[in-house]
Structure formats: C-alpha cells, structure tokens
Protein chains: 2
Amino acid sequence: MLSKKTKYGIKALIYLSKYEDNAPVQIEAISKSENISRKFLESILLTLRKNGFLGSKKGKGGGYYLIKEPEAIKMSSVMRVLDGPIAMVPCVSLNFYEKCDDCPDENACAVHNLMVEVRDSTLKIFNNKSLADLIK
Amino acid sequence: MLSKKTKYGIKALIYLSKYEDNAPVQIEAISKSENISRKFLESILLTLRKNGFLGSKKGKGGGYYLIKEPEAIKMSSVMRVLDGPIAMVPCVSLNFYEKCDDCPDENACAVHNLMVEVRDSTLKIFNNKSLADLIK
DNA sequence: TATTATCCTATAGGATTAGTAGAATTTAAA
DNA sequence: TTTAAATTCTACTAATCCTATAGGATAATA
C-alpha cells in the first residue's frame with residue numbers, strides 16, 4: 001500500500017512543478033488545492049526539503065519551491081524518501097536490504113526470486129518516470 | 001510490503017506442492033522445515049483452506065494437502081487472499097476498489113495513472129506465475 | 001515591531017501485524 | 001471403547017506503524 005504521506009507528497013510536488021518561476025508557494029495554498037490536512041502536509045514538505053527536493057523560505061512571502069527541474073526528479077527517489085523501500089520484501093531491496101531470519105538460502109527461496117521480478121518491473125517504471133512525465 | 005503471513009503462506013504452499021500424492025502433511029512438519037511459528041502458521045493454513053486452496057483432515061494422520069494442481073494455482077489469487085489488494089492504491093484496485101476522498105477526478109490524477117501502470121506490470125507477473133512455476 | 005510563514009518536537013488515537021493461549025472437535029488406532 | 005493426535009475456533013495481547021494534531025520556536029519581511 002502506498003501511504004497517504006507519499007500520495008500527498010507527490011501531489012504537492014506536482015503542484016509546485018507548475019510554478020515554473022519557482023516562487024515560493026505557501027503550505028496553505030497546496031493544502032487547500034489538494035485537500036490535504038495542513039499540519040500533515042507541513043511535515044511532508046519538511047522531509048521533502050530535508051531530502052533535497054524542495055527549498056523553503058521563511059517569513060512573509062515565504063513558502064516552498066522546487067529545487068530541481070521536474071525532469072530531473074525521478075519517481076524512484078521520491079518513492080524511497082517518502083514510502084521507503086520499493087521492494088516488497090527487505091531481502092530483495094537494493095537500498096534497504098535486510099536478511100530474512102527464517103530463510104537459510106536466499107537464492108533457493110522461491111518467494112525471494114518472485115519478488116526480485118516484481119521489484120525489477122516496478123523499479124523500471126519508477127526509474128523512467130520523472131515528475132515532468134507525470135504532468136503530461 | 002509483503003506481510004509475513006503472505007510470505008509464510010506461499011512457502012507453505014510450496015512445501016505442500018512437493019507432496020504429489022497429496023497425503024496430509026501436519027502443521028508441525030511445515031512449521032519446522034520453514035521456520036515458521038507453529039500457531040501463526042496454523043491460522044494461515046486455515047485461511048488458505050477456507051479460500052479453496054487446501055483441504056484438511058482432522059485427527060491422527062491428519063493434516064493439510066493441496067486441493068488443486070500446482071499449475072492451476074495462480075500467484076495473483078494467492079496474493080489477493082493473503083495479502084489483500086495487489087494495487088498500491090485502492091482507487092486503482094480491480095478487486096478491492098475504493099474511491100479516494102481527496103481526489104475529485106481520478107482520470108486527471110497523476111498518482112492514479114502512475115499506479116495503474118505499476119499495478120498492470122505487477123499483475124502481469126502474478127497472473128502468469130503459478131505455484132508450479134515457483135518451484136522450477 | 002507586527003505579521004506571516006516555516007521549523008521542530010512531542011504525542012495521541014487508531015489500525016494493522018505477528019503471535020499466543022486454550023479449549024473444542026474430529027479421527028484413527030490400540 | 002478409550003486414548004492420543006491432529007485440526008478448528010475464538011479471543012486476546014504486545015508491538016509497531018500510520019495519520020494526523022498541538023504548540024511554541026525561529027526567521028524574514030514590511
């Protein structure tokens with residue numbers, strides 16, 4: 001399941017990418033336009049900023065703005081920051097790998113191998129999809 | 001994330017599919033071989049039985065056995081029974097559809113359309129993969 | 001200095017997950 | 001007919017994660 005956090009985060013990024021001049025947009029504006037709880041969105045934008053997707057400006061006339069070109073923002077990186085691993089099982093994750101404690105041999109594990117396939121096909125989509133592609 | 005329930009369930013199905021004569025296999029045997037908590041596995045096998053994948057026999061010499069040919073068990077159906085929806089978002093699910101309450105127009109929603117793509121590619125894998133394929 | 005906005009920490013409530021306990025029921029074999 | 005072995009069923013619990021919400025601190029602008 002995609003968390004609401006992720007869904008809201010992507011929607012916010014899309015909203016921001018429409019302001020090509022990169023003028024700061026206030027949380028309130030995004031929150032209202034996309035029907036997202038204001039305080040919740042606040043925390044989401046904060047993590048997007050901390051992870052290098054957004055810049056922010058405090059005080060009057062402040063807000064959030066995209067720091068990179070929409071073409072340069074891959075969905076795979078957005079997903080990893082907001083939703084965590086893309087793989088369905090930690091033992092198959094490229095960026096969040098963890099060994100299963102029940103499974104003695106990964107290569108012999110049918111579940112493992114099945115999930116590798118799923119990961120690859122999902123990753124192919126997220127890697128080839130930029131924020132700019134989403135808007136088209 | 002794939003739940004442990006699902007992971008264990010698939011492993012149990014694989015274990016059972018190796019007994020081609022379909023003689024009942026006891027929970028205890030599966031539990032030990034696959035390192036799965038006995039009681040937890042118990043409840044998993046029960047739902048697999050209630051959903052037509054397994055048969056069971058009580059009493060001495062009893063246990064669980066496959067009710068269908070491994071070739072006839074599609075991973076998509078196993079996933080749906082144990083893990084729930086295959087789609088990452090309810091508004092994109094074929095079997096567990098639910099409307100988003102924040103989104104006025106699905107077709108105009110970029111997240112929606114992205115997740116349709118992911119669903120299709122994942123579903124393609126699960127639909128074309130049978131229990132028998134997993135063992136090869 | 002007043003106002004506007006983000007920044008940050010903490011926390012609450014609900015849902016889900018993973019697992020546990022224990023008694024009831026059924027069956028086969030002694 | 002008794003006993004032992006197995007599933008079945010209901011209910012419970014502990015831990016974790018998700019979705020927010022609260023409230024004050026901090027910074028920038030007019």
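First the proteins, then the strands, lettered A, B, ... as listed; each starts at 1.
Of the inter-residue distances, the one linking Ser37(A) atom OG with Asp102(B) atom CG reads 11.5 Å to the nearest 0.5 angstrom. We find the CG-CD1 distance between Leu66(A) and Ile73(A) to be 5.0 Å, quoted to the nearest 0.5 Å. Atom CD in Glu34(A) sits 9.0 Å away from atom CG in Leu41(A) (nearest 0.5 Å).
Nucleotides of DNA chain D nearest to Lys4(A) and Gly62(B) differ in position, and the one nearer the 5' end is that of Gly62(B).
The CG-C1' distance, from Leu54(A) to dC7(C), rounds to 14 Å in whole Å. Rounded to whole Å, the distance from CE on Met1(A) to P on dA15(C) is 14 Å. Distance CG (Leu82(B)) to P (dT17(C)): 12 Å, rounded to an integer number of Å. If you measure from atom OH of Tyr8(B) to atom C1' of dT17(C), you get 11 Å, rounded to the nearest angstrom. The separation between Gln26(B) atom CD and dT8(D) atom C1' is 16 Å, rounded to whole Å. The distance between atom CD of Glu28(B) and atom C1' of dA4(D), rounded to the nearest whole Å, is 15 Å. What separates CZ of Phe40(B) from C1' of dA14(D) is a distance of 14 Å, to the nearest Å. Rounded to an integer number of Å, the gap from CD1 of Ile44(A) to P of dT6(C) is 14 Å.
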I'd like a table of atom pairs between the protein and nucleotides 8-12 of chain C - only N or O on both sides, under 3.5 Å - with the distance next to each one.
{"unit_1": "dC8(C)", "atom_1": "N4", "unit_2": "Glu42(A)", "atom_2": "OE2", "d": "3.0"}

Between N or O atoms, less than 3.5 Å apart, protein on one side and nucleotides 27-30 of chain D on the other: list the pairs.
{"unit_1": "dA27(D)", "atom_1": "O4'", "unit_2": "Lys58(A)", "atom_2": "NZ", "d": "3.3"}
{"unit_1": "dT29(D)", "atom_1": "OP1", "unit_2": "Lys57(A)", "atom_2": "NZ", "d": "3.2"}

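Lys99(A) places a side-chain N or O within 3.5 Å of a backbone atom of Cys103(A) that can act as its donor or acceptor partner. Distance alone, capped at 3.5 Å, is enough to place a donor-acceptor pair between the Asn128(A) side chain and the Lys124(A) backbone.
Stacking of Lys74(A) on the aromatic ring of Phe126(A) is not recorded, the 6.0 Å distance cut-off and the 45° axial limit not both being met.
Taking Arg38(A) as the reference, Glu28(A) meet the side chain to side chain donor-acceptor pair (under 3.5 Å) condition, with sequence neighbours excluded.
The cluster map of Ile, Leu, Val, Met, Phe, Trp and Tyr, joined by side-chain heavy atoms under 4.5 Å apart, puts Met75(A) and Ile67(A) in different clusters.
For the pair Ser3(B) and Leu82(B), the minimum side-chain heavy-atom distance is 4.5 Å or more.
In terms of phosphate contacts, Arg38(B) brings no side-chain nitrogen or oxygen within less than 4.0 Å of OP1 or OP2 of dA18(C). Distances shorter than 4.0 Å separate none of the side-chain N or O atoms of Ser43(B) from OP1 or OP2 on dG19(C).
Within the 4.0 angstrom heavy-atom criterion, no nucleotide atom of any strand lies near Leu45(B).
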